[in-house]
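So the structure is just underneath, and the comments pick up after that.
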Amino acid sequence: MPLDAEAKKTLLRKIPHGLFICGVREGDEINGFTASWVTQGSFEPPLVVIAVRAEGSSHGIIERTKTFSINVLRSDQKDLAAVFFKPQKALGGRFETAPFKYGELGLPLLEDSIGGIECQVVQQVSCGDHTVFVAEVKTAVLIKDGESLNLSSTGWSYGG
Ligand SMILES: Cc1cc2nc3c(=O)[nH]c(=O)nc-3n(C[C@H](O)[C@H](O)[C@H](O)COP(=O)(O)O)c2cc1C
C-alpha cells in the first residue's frame, strides 16, 4: 500500500519539539543553527540524539570534529531562533547578534539562554536527508532555569 503522504505529514508534525541552537567549531571557524530534532537517548551514559541536515554547513563540521553544543532557548527567544535558521553572509555570522563563550570542550555556548551542553558524538546514522548523531553529554552549564522555547508556540513547522 502506498504511503498516505498527507496523513504521514499531519502525524509526524504532532511529535512535540523544543527549539535549540546547535553550535559547532572547527579550529577558528564556528557556526550555529536552529535545531528542533533533538531528544534525549539514554540516562546512563547521558546521550542526546540530533538530526542534522546533510546539506547544511554544520553537518561536515560535526562529522569531522565529532562534537557540538546544544543551547536551550528561553520561551521569549523566538527572534533569536529565527536569526539562526536564516541565511548568513559568512559562516558563524549568526553569532554576531548573540554573545557567546567557549565551553570546556571549546564549543560555542550562548551567554543568554537557559544554558547549554557540550556533546561528543558516539554514533551516526546516515541514510536520509538528515544524519542522526548520537552523542554523549560531556559538560552542562545552567545559566538560569526557566520556561524553554517550544516549536508549537512559534507557529513554525519543521517536520512531516
Ligand atoms: C523551526 C526550524 C527547526 C529546524 N530544525 C532543524 C533540525 O533539527 N536540524 C537541522 O539540521 N536543521 C534544522 N532546521 C534548519 C536549519 O536551522 C537551517 O537549515 C540552517 O540554515 C542550517 O544552517 P547551516 O547550513 O549554517 O548549518 C530548522 C529550521 C527551522 C525553521
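Sequential numbering from 1 along the given sequence is applied to the chain's residues. All values below were derived from every heavy atom in this structure, side-chain atoms included, with hydrogens, water molecules and symmetry-related copies excluded. Both counts, for ligands and for their atoms, begin at 1 and track the order of listing.
- For atom 11 (O) of ligand 1, the nearest non-hydrogen atom of the protein is R53 N, 2.7 Å.
- Atom 3 (C) of ligand 1 has as its closest protein heavy atom S36 OG, 3.3 Å.
- Contact atoms of ligand 1 toward V52: 11 (O) (distance under 4.0 Å to a heavy atom of the residue).
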Exercise. Tell me, with the steps shown, if E26 and R64 meet salt bridge (Lys or Arg N to Asp or Glu O under 4.0 Å).
Key: CA-CA 8 Å; E26 186 170 36; R64 290 188 295 273; 2.7 Å; yes
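- I15 shares a hydrophobic cluster with L12; the chain of contacts runs through ILVMFWY side chains whose heavy atoms sit under 4.5 Å apart.
- Applying the 4.0 Å criterion to heavy atoms of Q88 picks out, from ligand 1, the atoms 26 (O).
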Practice problem: Step by step, work out the side chain to side chain contact (heavy atoms under 4.5 Å, CB included) result for L80 and L73. | Solution: CA-CA 9 Å; L80 189 62; L73 297 180; 4.0 Å; yes
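- Linking ILVMFWY side-chain heavy atoms closer than 4.5 Å, directly or via other members, places I117 and L105 in two distinct hydrophobic clusters.
- The nearest heavy-atom contact from the protein to atom 17 (O) of ligand 1 is T34 O, 2.8 Å.
- Residue S57 places at least one N or O, backbone or side chain, under 3.5 Å from an N or O of ligand 1.
- Side-chain N/O atoms of S126 and Q124 include a donor and acceptor closer than 3.5 Å.
- Taking every heavy atom of S58 and a limit of under 4.0 angstrom, the matching atoms of ligand 1 come to 24 (P), 27 (O).
- In this structure, H17 does not count as a contact residue of ligand 1, since none of its heavy atoms falls inside 4.0 Å of the ligand.
- Between the side chains of Q88 and N31, at least one donor-acceptor pair of N or O atoms lies under 3.5 Å.
- Listed by atom number, the atoms of ligand 1 under 4.0 Å from A35 heavy atoms are 5 (N), 6 (C), 7 (C), 8 (O).
- The distance from ligand 1 to the heavy atoms of L151 drops below 4.0 Å at these ligand atoms: 1 (C).
- Listed by number with element, the atoms of ligand 1 under 4.0 Å from a non-hydrogen atom of G56 are 25 (O).
- Checking F85, F33, F20, F84 against atom 10 (C) of ligand 1, the nearest heavy atom belongs to F33.
- With a 4.0 Å cut-off on non-hydrogen atoms, L91 does not touch ligand 1 at all.
- Here the shortest heavy-atom pairing between W156 and A81 reads CZ3-CB, 3.9 Å.
- How far SG of C22 is from CD1 of I70: 4.5 Å, rounded to the nearest 0.5 Å.
- Protein heavy atom closest to atom 29 (C) of ligand 1, with residue, atom name and distance, is Y158 CD1, 3.5 Å.
- When non-hydrogen atoms are compared, ligand 1 lies under 4.0 Å from neither the backbone nor the side chain of A81.
- Between atom CD of residue E96 and atom NZ of residue K89 there is a gap of 7.5 Å, rounded to the nearest 0.5 Å.
- For atom 21 (O) of ligand 1, the closest heavy atom belonging to the protein is R94 NH2, 3.1 Å.
- With sequence neighbours excluded, the residues satisfying ring pair (Phe, Tyr, Trp, His ring centres under 6.0 Å) with Y158 are W37, H130.
- Contacts with ligand 1 closer than 4.0 Å are made by heavy atoms of both the backbone and the side chain of W37.
- Between N71 and S113, the side chains place no donor N or O within less than 3.5 Å of an acceptor N or O (distance only, hydrogens not considered).
- With a 4.0 Å heavy-atom cut-off, ligand 1 is reached by the side chain of N31 but not by its N, CA, C or O.
- The ring pair (Phe, Tyr, Trp, His ring centres under 6.0 Å) with F84 is formed by just one residue from the set F95, F33, F20; it is F95.
- The proximity of H59 to ligand 1, defined as any non-hydrogen pair under 4.0 Å, does not occur for either the backbone or the side chain.
- Atom 9 (N) of ligand 1 has as its closest protein heavy atom A51 O, 2.8 Å.
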